[in-house]
Amino acid sequence: MQYKLINNLEYIEITNKAASAKIALQGAHIFHYQRVGEAPLLWLSEISEYKKGKAIRGGVPICWPSFGNNNPQLPQHGFARVMMWRCDKVDEIDPYTTKVTFSLQDSQESRVLWDYIFQVKYVITIGKTLHLELQTTNLDTKPFTLSQAFHTYFQISSIEDVFIEGLEEKTYLDALTLKSELQDGSITFNGEVDRVYQGVDDEIILNDAKHQVHIQNSGSKSVVVWNPWIKKCASMSAMQPEAYKEFVCIESANAYEDKRELQPQSSHTLKAVLI
Ligand code: BG6
């Protein structure tokens with residue numbers, strides 16, 4: 001396999017007749033996906049650092065084995081996003097579809113943080129649509145709790161244009177107030193939003209002035225919607241002060257009430273299809 005370098009990070013580049021993509025080995029982090037003839041689907045910060053041990057700001061960071069601070073003993077969003085993954089294979093299914101398989105296993109480094117034996121397999125299918133499939137297997141003799149997310153940053157025309165459908169009448173935990181609320185109508189933005197929606201059972205539709213994205217999740221009943229708005233954006237690493245206007249995160253998740261308990265020798269798969 002031929003790896004390219006961006007600063008000090010190795011990545012693989014996929015180009016087929018339907019789309020192109022770039023995936024860093026650190027975090028198995030897809031930081032570029034673009035369909036032929038269209039603008040990039042994923043937002044990527046112009047000032048992302050591409051440094052060892054730091055998550056790329058944009059694309060699809062993987063939050064694993066803990067979303068946010070669900071496990072307070074772990075770093076925010078876990079550690080998989082800054083670990084080195086192995087690229088096992090690249091399969092050209094047909095001229096329009098390429099499947100890339102990554103894996104991550106426990107190591108001395110992971111066991112210091114989280115003392116479990118595990119295997120994670122991540123299959124990214126790049127074509128007219130983008131498929132993400134993350135399978136976690138517990139290889140330990142004791143059960144573990146898993147919370148996780150595809151922390152997808154979507155490129156948008158402007159945050160003021162955005163409305164999100166598919167979460168109407170769902171309850172959410174508002175991470176800003178720690179209160180449980182009920183979603184009234186579609187989601188629009190005029191301030192910081194940081195919410196974990198529960199009981200999600202339908203596709204999510206992201207609309208802006210230029211396009212529509214359909215997000216179909218399986219193995220998941222929770223979705224995180226996040227935009228930092230002005231103040232938080234200005235204080236965040238690897239983000240320009242005006243960046244909050246250019247992206248929204250809609251994260252396919254197993255978070256809070258939707259965290260999963262994995263018994264020894266059992267697996268759970270989180271899947272998202274972006275159409
Ligand atoms: C979101 C969280 O998923 O990720 C936010 O809900 C958090 O609270 C954001 O600020 C970004 O996190 P990080 O660790 O990538 O800066």
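Atoms within each ligand, like the ligands themselves, are counted from 1 in listed order. Please read all numbers here as calculations on a predicted model, not as lab measurements.
- Under the 4.0 angstrom criterion for non-hydrogen atoms, Arg195 is not in contact with ligand 1.
- Contact atoms of ligand 1 toward Arg57: 13 (P), 15 (O), 16 (O) (distance under 4.0 Å to a heavy atom of the residue).
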Do Glu13 and Ser20 pass the side-chain contact (heavy atoms from CB on, under 4.5 Å) test, and can you show the C-alpha distance, the side-chain angles, and the key distance before you say yes or no? CA-CA 7 Å; Glu13 186 160 22; Ser20 59; 5.8 Å; no

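- Using a cutoff of 4.0 Å between basic side-chain nitrogens and carboxylate oxygens, Asp201 and Lys170 are scored as salt-bridged.
- What sits closest to atom 12 (O) of ligand 1 on the protein, heavy atoms only, is Gln76 NE2, 3.2 Å.
- Residue His151 has at least one nitrogen or oxygen atom sitting less than 3.5 Å from a nitrogen or oxygen atom of ligand 1, judged on distance alone.
- Per-residue contacts place Lys232 under 4.0 angstrom from the following atoms of ligand 1 (heavy atoms of the residue considered): 7 (C), 8 (O), 10 (O).
- When only non-hydrogen protein atoms are considered, atom 15 (O) of ligand 1 lies nearest to Arg81 NH1, 2.9 Å.
- Looking at Met239 against ligand 1, nothing comes within 4.0 Å, counting heavy atoms.
- Annotation for Glu257: atom CD does not count as buried by contact number, only 12 or fewer foreign heavy atoms lying within 6.0 Å.
- A tilted orientation is assigned to the rings of Phe118 and Trp114, their planes being inclined by 30° to 60°.
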Begin with the C-alpha distance, continue with both residues' side-chain angles, and end with the deciding distance and a verdict on side-chain contact (heavy atoms from CB on, under 4.5 Å) for Thr188 and Ile164. CA-CA 7 Å; Thr188 53; Ile164 298 169; over 6 Å; no

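- Within the listing of ligand 1, atoms 3 (O) sit less than 4.0 angstrom from a heavy atom of Phe67.
- Listed by number with element, the atoms of ligand 1 under 4.0 angstrom from any heavy atom of Glu251 are 1 (C), 3 (O).
- In this pair, Tyr172 and Tyr197 present their aromatic rings tilted. The plane angle is within the 30 to 60° band.
- Dense packing is recorded around CD of Gln105, with more than 12 heavy atoms of other residues, nucleotides or ligands lying under 6.0 Å away.
- Protein heavy atom nearest atom 11 (C) of ligand 1, with residue, atom name and distance: Trp226 CH2, 3.6 Å.
- Each of the atoms 2 (C), 5 (C), 6 (O), 8 (O) of ligand 1 lies under 4.0 Å from some heavy atom of Asp194.
- Ring geometry for Phe79 against Trp64 counts as perpendicular: the plane angle is over 60°, on a 0 to 90° scale with 30° as the lower cut.
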